[in-house]
2 protein chains.
Amino acid sequence: MVKGNHMRAVTIDDVAKKAGVSIKTVSRVVNREPNVRAATKEKVEAAIKELNYRPNQSARGLAARRSYMIGLLYDNPSPNYLANLQSGVLEACHEKDYGLALNPVSFHDPDLVETVVHWVRQSSIDGVILTPPLTDSIPLLEALSQQNIPSAVISSRGTGDAPAALIDEEEAAYEMTRHLIISGHRDIAFIKGHPDHYASGLREKGFLRAMESEGVPVAPGFMEQGYFDFASGQEAASRLLDLPKRPTAIFASNDDMAAAVIFEAHSRKIDVPGELAVAGFDDTPLSRQIWPGLTTVRQPIRAMGHQAAGLVLDTLAAGKGADEERKDVIQVDFELMIRGSTATSR
Amino acid sequence: MVKGNHMRAVTIDDVAKKAGVSIKTVSRVVNREPNVRAATKEKVEAAIKELNYRPNQSARGLAARRSYMIGLLYDNPSPNYLANLQSGVLEACHEKDYGLALNPVSFHDPDLVETVVHWVRQSSIDGVILTPPLTDSIPLLEALSQQNIPSAVISSRGTGDAPAALIDEEEAAYEMTRHLIISGHRDIAFIKGHPDHYASGLREKGFLRAMESEGVPVAPGFMEQGYFDFASGQEAASRLLDLPKRPTAIFASNDDMAAAVIFEAHSRKIDVPGELAVAGFDDTPLSRQIWPGLTTVRQPIRAMGHQAAGLVLDTLAAGKGADEERKDVIQVDFELMIRGSTATSR
DNA sequence: TTGAAAGCGCTAACAT
DNA sequence: ATGTTAGCGCTTTCAA
């Protein structure tokens, strides 16, 4: 493959000339539009191949008023979450020859809605994927829908406002709680997730439902507020472990907080899992890298990213707008990962 | 702000009208071209701000024959590394109204060079940023240079093949090793990094230099090969801790492997730091979330991403090609983070 | 220092 | 089933 530094790029005109058709016909073939005779199509495809033609994305975007890019919106997710999600989204984009534009935003920005809509308009982003907690901003969802911007959400309230890829958060928390109860625990404390996240409520609900259905009471002071970060987990853990009658098990709403619980236990010489069982949520690498290994809930973030991107791209492929929005909800399976932090035999 | 469904995006004409100048003048301001009176410039900037104008990338790309995008190439970095780096790069891109295109590739792909060059050409990517170990692929660097594709590397052999943002890896390893020696250790083992990474060699060199200069011999079997992942750290740690006369300190070439050392120590009831001191490299969140806290070397990845993007964008701004490539090397400061895993008084 | 005019390569709307 | 004609919003010439 020899190329000079300033080789003129092959354009649609070159292809049209070589195939002996108009540029519009070439355009039709490239965009897989109907109404092209098979023979014509073949001629054009041959010319494209011979010239090694690739449409200029800028020209395409300018003329068609779209960018052939979808946007990923996020607010300060954990590195692990972002990397996995992005990897899945990129994969799906790659399959459909779409590009990915990233946009880190702030959930609490009063101009969030305007910022996002403006970004989409100015960049001609064709569709967007939202991640928690942005997925739980009703004004944002409404604006996107009203502005006819195709979108999909990762995890969400599942109200069907937009297509979604999610797990059954409540059921996952329910099952994890049952695991603790079945392991013999009755003094189980819970550290809640960040209140901005709708999923936090679901996890809490799952916990409470399991306790109630098993007839295990939640002791006073055993429900602590956390914010998904290590520091808040540490504070919550401190309070719980300083209680006169401390819990024998703590279920934290995510792994970072669970790791903080273990950290605090270690520093007080409280044996995990002997004196204290700990469970988390997310199955981050961290859960395998601390000692003892952390029992947690695995969600297939990567796959969910892939699915969500697929939902957006399907909408795009279906109708050029998001008019007849298909409000799919893809529920994927979670998995309980039982590790050392809740081991019973020792 | 009321907007209909098909609100026309703000264009350069709107800005020109509002500022009372021609579109060319707006263009000059946007592109920071010279020969614009300060007063005019201010008027235009005010209009841009008021209308919240962002240039249409497709139109820009079409007219200027470039994409206004830079590419970020990576091969399976740790989530934390990727998230931080990307954040810095995005920030720099945002400042200059550039877009970012991501490209996960494989260092061992025999078609790596062709894949990358083709991708850059097809997408009209204006320049690229390489991350380790891609930064250490001579053929890749040569191809980019030969094809006149502006690029910058994050960390590298520092040979000046391309502009780079890096820390003094060897010196960092040297100082960490000295910290261990000064803390009273003499039986110090080292777990090497992935051999694909040039930095691995530098870190090893720093370790050996410190040992030698302090007159501390490296015991047989005290140099272990690792691959930067937790599993390889575990294996290396197992071998080291099973030695008849085991080390009193282990310096692992990154945090994941150091965490594995601590994990293995815990599971053998070896007290850290009492019986075994452990040091890592990277200052990942993990280093603060395991117990005891991990002594490590902090590199400002985010800042390095920002710098590297700046180097590429500067090249782009300077000459339209990378003709008179400025082979800058920006060295940023590292920092020793001393935490519990190497504490002396207990 | 500024502006007017001419495209960049493609798709959309309307021919035929 | 295929072609013609206008732009899309910007940068580039070149002129003033």
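Everything numeric in this text was worked out from a predicted model, so none of it was measured. Note: hydrogens, waters and symmetry copies are ignored here, and every other heavy atom, side chains too, is used. Chain letters run A, B, ... following the sequence lines, proteins first, then strands; residues in each count from 1.
- Using a 4.0 Å heavy-atom cutoff across all strands shown, A:Val30 reaches no nucleic acid atom at all.
- Between A:Gly61 and B:Ala59, the one whose closest nucleotide on DNA chain C sits nearer the 5' end is B:Ala59.
- A:Arg54 has its CZ atom 17 Å from the P atom of C:dG9, to the nearest Å.
- For the pair A:Val89/A:His306, no side-chain contact is recorded, criterion being any heavy-atom separation below 4.5 Å from C-beta on.
- Put simply, CZ on A:Arg60 is 16 Å from C1' on C:dC8, counting in whole angstrom units.
- Of the residues in residues 36-51 of chain A, none lies under 4.0 Å from DNA chain C by heavy-atom distance.
- The base of C:dA4 does not come close enough to the side chain of B:Lys24 for any donor and acceptor atom to sit less than 3.5 Å apart.
- When each of D:dT2, C:dA4, D:dT11 is scored by its nearest atom to the side-chain atoms of B:Ala63, the top-ranked nucleotide is D:dT11.
- Residue B:Arg28 places a side-chain atom within donor-acceptor reach of the base of C:dG3, judged by atom type and a 3.5 Å distance cut-off alone.
- Nucleotide D:dT11 holds its C1' atom 15 Å from the CG atom of B:Asp97, rounded to whole Å.
- Looking only at side-chain heavy atoms (C-beta outward), A:Leu102 and B:Leu102 come within less than 4.5 Å of each other.
- The nucleotide whose nearest atom lies closest to any side-chain atom of A:Arg65 is, among C:dG3, D:dC8, C:dC8, D:dC8.
- Under the 4.5 Å side-chain criterion, counting only non-hydrogen atoms from C-beta, B:Asn52 is not in contact with B:Val10.
- The side chain of B:Leu62 lies closest to C:dC8 when the candidates are C:dC8, D:dG3, D:dC10.
- Checked by atom type and distance alone, the side chain of B:Asn31 never pairs as donor or acceptor with a backbone atom of B:Glu33 at under 3.5 Å.
- Per the geometry, CG belonging to A:Asn56 stands 18 Å off P belonging to D:dC8, to the nearest Å.
- At least one side-chain heavy atom of B:Arg66 sits under 4.5 Å from a side-chain heavy atom of B:Leu316.
- What separates CG of B:Asp13 from C1' of C:dG3 is a distance of 13 Å, to the nearest Å.
- Taking CG of A:Asp126 as the reference point, atom CG of A:Leu313 lies at 9.0 Å (rounded to 0.5 Å).
- For the pair A:Val312 and A:Val128, the minimum side-chain heavy-atom distance is 4.5 Å or more.
- Axis angle between the ends of the helix from C:dT1-D:dA16 to C:dT16-D:dA1, five pairs each and rounded to 10 degrees, works out to 20°.
- Here the nucleotide nearest the side chain of A:Ser22, chosen from D:dG3, C:dA12, D:dA1, is D:dG3.
- Counting only heavy atoms from C-beta on, A:Ser27 has its side chain closest to C:dT11 among C:dT11, C:dG9, D:dG9.
- For B:Asn31, the listed nucleotide lying nearest its side chain is D:dT11; candidates were D:dT11, D:dG3, D:dC10.
- Inspection of the A:Asp196 and A:His108 side chains reveals an N or O donor paired with an N or O acceptor under 3.5 Å.
- Between A:Tyr68 atom OH and D:dC8 atom P the separation is 18 Å, expressed in whole Å.
- The distance from atom NZ of B:Lys17 to atom P of C:dG3 is 15 Å, rounded to the nearest whole Å.
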Per-pair distances, 0.1 Å, donor-acceptor, side chain in residues 68-86 of chain A, under 3.5 Å, sequence neighbours excluded:
from: A:Asp75; atom 1: OD2; to: A:Phe107; atom 2: N; distance (Å): 2.9
from: A:Ser78; atom 1: OG; to: A:Tyr81; atom 2: N; distance (Å): 3.1
from: A:Asn84; atom 1: ND2; to: A:Asn80; atom 2: O; distance (Å): 3.0
from: A:Gln86; atom 1: OE1; to: B:Gln86; atom 2: NE2; distance (Å): 2.8
from: A:Gln86; atom 1: NE2; to: B:Gln86; atom 2: OE1; distance (Å): 2.8

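- Side-chain contact check for B:Ser155 versus B:Thr135: every heavy-atom pair is 4.5 Å or farther apart.
- Here the nucleotide nearest the side chain of B:Thr25, chosen from D:dC10, C:dT1, C:dG3, is C:dG3.
- Residue-level contact check: B:Asn35 touches the bases, meaning some heavy atom is under 4.0 Å from a base atom.
- Residues B:Asn56 and B:Thr11 fail the side-chain proximity criterion, which asks for heavy atoms closer than 4.5 Å.
- When the side-chain nitrogen and oxygen atoms of A:Tyr53 are compared with OP1 and OP2 of C:dC10, one or more of them lie within a distance under 4.0 Å.
- Nucleotide D:dT11 holds its C1' atom 13 Å from the CD atom of B:Gln57, rounded to whole Å.
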